[in-house]
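Shown next, in structure tokens, is the structure this report addresses.
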Amino acid sequence: MRDVVRVFSAGSLRYAMPEIAAAFEEETGIAVSLELGPAGLLRERIEAGEPFDLFASANMAHPERLVSLGLAREATCFARNRLAIIARADLGLTAETIADVLSKPWIRIGTSTPGDDPSGDYAFAMFDLLDAGHPGLGKGFKARALQLVGGRHSPPGRSATELIADGTVDLFLSYASNARLHESDPRFSVTQLPAYLSPDIAYGMALGRASWPAAPTRQMSQLS
């Protein structure tokens, strides 16, 4: 039996996964090595040969790819999320004015990095959904979007709220689970996206193929 469970986890789970790992350690006596980061980059490390026992991604595509390559067991959806917009409070952003506010040429739009981080992919999917009612609008937003976090070349440690507070951007497309943590901060407004602008956000996990035999696999499932 392994004495350490190696977990690669999407960074958006940074508030939940450490508590889950701690509970697993307390119940089983097995240590958890937890690494948080952009799911796309974590997937690349696994493909390059880094060993893992559990991969928790902010999308289904990354664990499904590992399964298709024979590097992981069946991919399973374990959680869902939504997108929200964190903005400067003085913008007066609402669900009804999203297209109008984002259309202002002086508005600096922040996103995570598509490809490296699913959050960026979802932000760009939201721009595509905008195109349905406003042809060409989403394409323009993609061109203007500042991809500032979650990328292989992104400066470490910059959060959406820090980027807004220091004037780098005026608003940032974020997971609703993280955005809600800033609802009480008077500097920011948090706007949930209406259903017609909300991409389907499904979190997927997969076990490493060589990680656990049958009995410990049942214990490991507690991390979900």
Side-chain angles (χ1 to χ4, degrees), residues 10-15 36-41 57-59 61 80-203:
S12 56
L13 294 169
R14 63 186 178 275
Y15 298 109
L36 297 158
L41 300 184
S57 172
N59 67 6
R80 293 190 176 273
N81 209 338
R82 298 187 65 183
L83 277 187
I85 300 177
I86 308 174
R88 287 183 8 230
D90 61 355
L91 292 183
L93 183 70
T94 68
E96 292 72 29
T97 63
I98 289 173
D100 291 337
V101 172
L102 268 65
S103 295
K104 298 181 186 299
W106 53 269
I107 290 290
R108 293 159 296 180
I109 304 168
T111 72
S112 191
T113 305
D116 293 348
D117 185 353
S119 176
D121 297 321
Y122 294 131
F124 274 44
M126 181 274 236
F127 297 151
D128 289 336
L129 291 171
L130 264 174
D131 265 335
H134 307 273
L137 198 62
K139 183 178 180 180
F141 293 160
K142 288 182 180 180
R144 288 170 47 204
L146 302 174
Q147 302 169 26
L148 299 173
V149 302
R152 67 194 70 236
H153 303 301
S154 299
R158 302 298 304 282
S159 69
T161 50
E162 288 171 337
L163 291 165
I164 296 171
D166 69 15
T168 301
V169 296
D170 299 294
L171 53 83
F172 201 100
L173 275 73
S174 170
Y175 290 119
S177 58
N178 292 338
R180 65 182 177 81
L181 301 175
H182 306 286
E183 288 177 330
S184 62
D185 191 321
R187 298 174 298 169
F188 310 115
S189 68
V190 174
T191 302
Q192 304 293 331
L193 296 187
Y196 77 95
L197 290 181
S198 297
D200 181 37
I201 299 180
Y203 282 55

(request) Using side-chain hydrogen bond (donor to acceptor under 3.5 Å, both in side chains) as the criterion, list what pairs up with S119, not counting sequence neighbours. (result) none

Listed by chain and number, what are the salt bridge (Lys or Arg N to Asp or Glu O under 4.0 Å) partners of [X], not counting sequence neighbours?
X    : value
D90  : R88
D121 : none
R108 : D170

(request) Sort and list the pairs that fulfil salt bridge (charged side-chain N to carboxylate O under 4.0 Å, His left out) and have at least one residue in residues 182-193, not counting sequence neighbours. (result) D185-R187

(message) Can you pull out every salt bridge (charged side-chain N to carboxylate O under 4.0 Å, His left out) where at least one residue sits in residues 154-164? Sequence neighbours excluded, please.
(response) R158-D166

Mind checking what makes side-chain contact (heavy atoms from CB on, under 4.5 Å) contact with [X], not counting sequence neighbours?
X    : result
A176 : N81, R82, A84, Q192
S154 : T113
A89  : none
A58  : A10, S12, P118, Y175, Y203

List, one per line, each side-chain donor-acceptor pair under 3.5 Å for residues 131-140, sequence neighbours excluded.
residue	atom	partner	partner atom	Å
D131	OD1	G136	N	2.8
D131	OD1	L137	N	3.0
D131	OD1	G138	N	2.9

Which heavy atom of [X] sits nearest to which heavy atom of [Y], and what is that distance?
X    : Y    : value
P199 : L83  : CG-CD1, 4.0 Å
L41  : G151 : CD1-C, 4.0 Å
A145 : F124 : CB-CE1, 4.1 Å
V101 : I107 : O-CG1, 3.3 Å

Any side-chain heavy-atom pair of [X] and [Y] under 4.5 Å:
X    : Y    : answer
I201 : R80  : no
L102 : L171 : yes
L197 : L130 : yes
F172 : I85  : no
S189 : L91  : no

(message) Taking ring pair (Phe, Tyr, Trp, His ring centres under 6.0 Å) as the cut-off, I'd like each qualifying pair that reaches into residues 140-169, sequence neighbours left out, listed once.
(response) F127-F141

(message) Exactly one of D117, L173, L148 should register a side chain to side chain contact (heavy atoms under 4.5 Å, CB included) with S112. Which one does?
(response) D117

(message) So does P194 get a backbone contact from the side chain of S198, meaning a donor-acceptor N/O pair under 3.5 Å?
(response) yes

